[in-house]
Amino acid sequence: MIPANFDYITVKSLDEALSLLAKHKDDAKILAGGHSLLPAMKLRLMQPKVLIDIGKIKELSYIKEEGGQIHIGAMTTHFQIETSALLQKSCPLLPETATQLGDMQVRNKGTIGGSVAHADPAADWPAAVIAVGAEIVVIGPKGERAIKADDFFVDMLTTSLQPGDLVKEVRFAAPKGKTGQAYMKVRHPASGFAVVGIAVTLTVDGGKCSASGIGVTGVSSKPYRAKSVEAALKGSALDAKSLAAAASHASDGISDAISELYATGEYRKHLAEIYTRRALETAAGRAK
Amino acid sequence: MKKISVTVNGTTHQSEIEPRLLLVHYLRDVLGLTGTHVGCETSLCGACTVMVDGQAVKSCTVLAAQADGSTVTTIEGLAAGGTLHPVQQAFWEHHGLQCGYCTPGMIMATAQILQRNPDPSEEEIRHGIEGNLCRCTGYQHIVQAVQCAAKKMKSQPAPANR
Ligand SMILES: Cc1cc2nc3c(=O)[nH]c(=O)nc-3n(C[C@H](O)[C@H](O)[C@H](O)COP(=O)(O)OP(=O)(O)OC[C@H]3O[C@@H](n4cnc5c(N)ncnc54)[C@H](O)[C@@H]3O)c2cc1C
Ligand code: FES
Ligand code: FES
C-alpha cells in the first residue's frame, strides 16, 4: 500500500505554510501527524499533489494557560496532552480523552489540530472540545478568527475551514469552581475509534449542578452538544435518579444516527444514553 | 526525489528518495534492516514499530521524508555491543513470542513503555501494548516478559537513548 506520488515540502513557519497553501490551493494538503491523512492516501482515498509538512513548526506545539484561558497548539500530540501536568490539574477531561485515543504509537504522532481538522465522526477530540466550550482558532489568508467548536464541525469529514485556512490552536476558559469531568467511550474493537464517546464537564454549586458541558461523538455524522441533557441538569440535584433522567435525553433530536455492521443507529443512541449516565455519575463523583 | 539524512542505529545515511516512500520501506528495502516487520500496512498491528527521536511510532504510517534529520532506532539497534537489551533478554527468558512476527514491534513498544514508566502495573502494560497485535501468544507471556524486563532495567539500566 503505497500512496500516489506527490511533492513534499517542509515548512518552518506558519507564514510559509499559509503562502504555500495559497499558492497550491486545492492541490495541497497539510501534513500534521499524518495518522489520518497517510492511511487515506495509502488507500488512495486521497491523492493530494502537494503535501505541506507542518511537523517542524515549533510555534504550533504548546499547552499554556494565560489569563484564565487554556491554549493548545494545533501540533500538540495526543501524548503531550495525555501527560500534561497543567491539563491534569486544570482540565483532566482532556488527558482522560487522550489516553483512550488510539494506541501509544498513534498518540505519539497524531495531533489535536489534525484530529479536529479531519473531523472523523468517530474521533474522540470533537466530544471533548465541545464539552469544554472550546473555540478553534483558525488562521487564513485574511488573518485569524475563532470558531466555536459547536459551529466548527459541519458534517462527516467536513468542517467550517475554508480553502487556505490552517488550524492554529484550540482554546477555552479554564474550568472554574467545583467541577467534575469524565470521558467515557465504547471502543470499536478493531479500530479503537469511538462507537460512542461522551465527554462531560459539570460545575457544582451547593450540591446542585450550576452548569454543564456534554459533547457526544460517534452517534451522528457530526459530533454534537447534548443540549437537552444540559438543560435537564441545570439546577438539578446530582443523585442517581436525576442524572439518569437527564442522560435519557442524550440522543434527543438525532435522526441521522450512523448505522453500519458493527452498530446500528438505534444501538448507538441506546449506548449514548447509558454512557452519558455513567459519565455524569463519574463526573459528579469527582466534583470537588 | 528528495534528499534526506537520517541517523539509524547510530549511523547517518544520506539518501535520495521518492517523497511517498514509507519509513518502514526505507528501513527494510533501502537500508536492508529487515528486523522491522510489515504486518498489516494499515497502522493497526504495530509490527513496524520503531523509535523516531525517542518516540515509538508505526513506521508504515510515517514518510521517510518526515524522518529527515531524525534519529531512528530499530530492533537491530537495541542490543549494545552484542549484549541483548534487557527487554530482548526478558522476551527470550519468558518466551514472550511464538512465531516472532510481532516481536520486533512488541520489544520497541516495551522499550518505550518502560522508558516512561519503569514500574508499570499489568493494566498499564496491557494499555501500552494495545497498538501491537500478536496472533500467537494470547499476550500472557508477553506481559510477563515486560514485567521481567522492568525488574531487569531497574537493576541494570539500559544505555542512554536506547
Ligand atoms: C491505528 C489508528 C487508530 C486511531 N484511533 C483513533 C481513535 O481511537 N480516536 C481518534 O479520535 N482518532 C484515532 N485515530 C486518528 C488519529 O487521532 C489522528 O492522529 C488524527 O485524527 C489526525 O491527526 P494528525 O495530526 O495525524 O493529522 P493528519 O493525518 O496529518 O491530517 C489529517 C487531516 O487534517 C488536515 N490538517 C492537519 N493539521 C491541520 C491544521 N493544523 N490545519 C488545517 N488542516 C490540518 C490534513 O490536511 C488532513 O486532511 C487513529 C489513527 C490510527 C492510525
Ligand atoms: S505494518 Fe505498520 S502497523 Fe501494521
Ligand atoms: S508471536 Fe506470532 S504474532 Fe506474536
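Between chain B and the residues A:Ala4, A:Gly192, A:Gly102, A:Ser191, the largest count of heavy-atom pairs under 4.5 Å involves A:Ala4. Ranked by heavy-atom pairs under 4.5 Å with chain B, the list A:Gln105, A:His35, A:Lys109 is led by A:Gln105. Comparing A:Val106, A:Thr99, A:Thr77 by how many heavy-atom pairs each has under 4.5 Å with chain B, the most go to A:Thr99. Interface summary for chain A: among B:Met108, B:Lys58, B:His25, the most heavy-atom pairs under 4.5 angstrom belong to B:Lys58.
With no hydrogens or angles considered, no side-chain donor-acceptor pair links B:Gln66 and A:Asp53 at under 3.5 Å.
Here the shortest heavy-atom pairing between B:Glu41 and A:Met1 reads OE1-N, 2.6 Å. Here the closest heavy-atom approach between residue B:Leu22 and residue A:Pro3 is recorded as CD2-CD, 4.5 Å. When all heavy atoms are compared, the tightest approach of A:Met104 to B:Ala56 is CE-CB, 4.4 Å. Nearest heavy atoms, A:Gly34 versus B:Thr61: O-CG2, 4.0 Å.
The 12-atom threshold is exceeded at NZ of A:Lys64, counting heavy atoms of other residues, nucleotides or ligands nearer than 6.0 Å. When the shell of 6.0 Å around OH of A:Tyr267 is examined, it contains 12 or fewer heavy atoms from other residues, nucleotides or ligands. Heavy atoms of other residues, nucleotides or ligands lying less than 6.0 angstrom from CD of B:Gln140 number more than 12.
For the pair A:Phe6/B:Glu18, no side-chain contact is recorded, criterion being any heavy-atom separation below 4.5 Å from C-beta on.
Taking CG of A:Leu38 as the start and OG1 of B:Thr42 as the end, the distance is 13.0 Å to the nearest 0.5 Å. Note: B:Ile129 CD1 to A:Asp103 CG = 11.0 Å, rounded to the nearest 0.5 Å.
For B:Leu63, the parts lying under 4.5 angstrom from a heavy atom of chain A are both the backbone and the side chain. With a threshold of 4.5 angstrom between heavy atoms, A:Leu37 does not approach chain B through any atom at all. Contact annotation for A:Leu51: only side-chain heavy atoms (C-beta onward) come within less than 4.5 Å of a heavy atom of chain B. Heavy atoms of B:Val62 lying under 4.5 Å from chain A belong to its backbone as well as its side chain.
For B:Arg116 and A:Phe79, the positive end sits near the middle of the six-membered ring, less than 6.0 Å away and at most 45° from its axis.
Residues B:Lys2 and A:Asp7 are not paired through a salt bridge, judged by the lack of any N-O separation under 4.0 Å between the basic side chain and the carboxylate.
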